[in-house]
Amino acid sequence: MARTRARRPPGRRPPASKRRPASRSRAQRGGKGPRRALSPHKGDIQGVALVLLAVLLALGVWAGDGGKVGAFLALLFRSLFGYGAYAVPLLVLALGVALFRRSSARADDTVAGRVGIGLLALLLGGLGLLHLARGAPPLSAPPAVLRDAGGIVGAATATPLARLLSLWGARAAFACLLFLGTLIATRTSVASVGRGVAAALRLLRSALTPPPRPEPTAEAAADTAAPPPGSRPAVPTDEPQPAARRGRRRRAEPE
């Protein structure tokens, strides 16, 4: 009997080979090579780039001598943050230093993300307080007025919040945001801040309070009570005098 071939169900095709072409795997290996080689220095490269950006911002915003790039960055950040642009180079530099420390941090501590969030909260809180202190001009104000306050970001955050919470409520909210950003960036808890303030108060109190006088000891009291060497002890008047003295006194008295 002739063997009958098993029919495959219609619509099914034999599975394609899972083998990838050699040229594609080589290309992928070539692309992963430089990335693997630079992966230990990823934080260093990003940190150096941020430090360079901080230097350019400082030259453009602080000194006004950063060339065309510095002038563009100064105009951009002054328009966005107003007077807060003077603090941006320091914040960018702090973020770059945090990226340098990322390699030595623990595995569960994302230094760059934590410091970045903390610095962003610091910037927003400071801009809000600055914009409120400069009169809280709205977004429709002229650009020169916004540059002399908190910039576009300050007007977009502080002016609506002042209308919603009143001026003092908005100040309290931005002050809390500033304090929270400091805690997050420095990885400090409120309890440790309280302990530090208490220790500083104790130190100030001890510095202002005069030291107490030391109490005299038994040896010091005995030394002060003992007569100096070579001096005769004083004879109290209540004690009876010797007979020789009384005889001398009688002879001296006139008869």
Side-chain angles (χ1 to χ4, degrees), residues 46-47 49-102 110-190 192-193 197:
Q46 294 173 352
L50 287 178
V51 169
L52 177 61
L53 178 60
V55 171
L56 294 178
L57 284 173
L59 289 175
V61 177
W62 294 350
D65 190 17
K68 294 183 178 180
V69 175
F72 171 75
L73 292 176
L75 179 62
L76 175 64
F77 283 95
R78 280 297 304 272
S79 301
L80 287 175
F81 306 127
Y83 277 129
Y86 290 99
V88 171
L90 297 177
L91 299 180
V92 175
L93 180 63
L95 185 58
V97 173
L99 286 175
F100 290 147
R101 296 183 58 187
R102 185 174 64 178
T110 55
V111 179
R114 174 176 53 80
V115 174
I117 293 172
L119 294 178
L120 181 61
L122 269 172
L123 180 62
L124 292 178
L127 284 179
L129 291 175
L130 174 64
H131 198 76
L132 293 175
R134 300 292 292 179
L139 277 173
S140 58
V145 177
L146 293 178
R147 283 195 294 268
D148 291 338
I152 298 174
V153 177
T157 55
T159 305
L161 195 62
R163 294 174 183 173
L164 184 64
L165 301 178
S166 78
L167 185 62
W168 287 103
R171 286 175 179 172
F174 283 119
C176 291
L177 184 61
L178 187 67
F179 179 66
L180 186 62
T182 306
L183 295 181
I184 294 173
T186 58
R187 199 180 180 181
T188 310
S189 62
V190 180
S192 60
V193 172
V197 171

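- In summary, of the residues considered (L53, L119, L120), a side chain to side chain contact (heavy atoms under 4.5 Å, CB included) with L95 occurs for L119 alone.
- Shown here for L99 and A112, the closest heavy-atom pair between the two residues is CD2-CB, 3.3 Å.
- T188 has its side chain within reach of L183: a pair of non-hydrogen atoms, C-beta onward, lies under 4.5 Å apart.
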Mind running side chain to side chain contact (heavy atoms under 4.5 Å, CB included) on L123 and L91 for me, showing each step along the way?
-> CA-CA 8 Å; L123 180 62; L91 299 180; 3.9 Å; yes

Side-chain donor-acceptor pairs under 3.5 Å in residues 125-132, sequence neighbours left out?
{"unit_1": "H131", "atom_1": "ND1", "unit_2": "G150", "atom_2": "N", "d": "3.0"}
{"unit_1": "H131", "atom_1": "NE2", "unit_2": "P137", "atom_2": "O", "d": "2.7"}

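- Among all heavy-atom pairs drawn from W62 and Y86, the shortest one is NE1-O, 2.9 Å.
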What's the verdict on side chain to side chain contact (heavy atoms under 4.5 Å, CB included) for Q46 and V51, showing C-alpha distance, side-chain angles and the deciding distance?
-> CA-CA 9 Å; Q46 294 173 352; V51 169; over 6 Å; no

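- For the atom pair CG of L90 and CG of L57, the computed distance is 10.5 Å after rounding to the nearest 0.5 Å.
- Counting heavy atoms from C-beta outward, L124 and V153 have side chains that approach closer than 4.5 Å.
- Across all non-hydrogen atoms, the minimal contact from A155 to L146 is CB-CD2, 3.9 Å.
- One distance of note links CG of L161 with CG of L167; it measures 10.0 Å at 0.5 Å rounding.
- Contact between P89 and A58 at its shortest, heavy atoms only, is CG-N, 3.8 Å.
- Taken from OG in S79 to CD1 in I152, the straight-line distance is 6.0 Å, to the nearest 0.5 Å.
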L122 vs L178, side chain to side chain contact (heavy atoms under 4.5 Å, CB included): CA-CA, chis, key distance, verdict | CA-CA 5 Å; L122 269 172; L178 187 67; 3.4 Å; yes

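- A cation-pi arrangement is absent between R147 and F81, since the terminal nitrogen or guanidinium carbon is not both under 6.0 Å from the aromatic centre and inside a 45° cone about the axis.
- Nearest heavy-atom pair across L165 and A173 is CD1-CB, 4.4 Å.
- To the nearest 0.5 angstrom, L164 atom CG is 12.5 Å from T159 atom OG1.
- Closest approach of A74 and G60 over heavy atoms only: CB-O, 3.4 Å.
- Remark: S189 engages S192 in a side-chain hydrogen bond (donor to acceptor under 3.5 Å, both in side chains) (not counting sequence neighbours).
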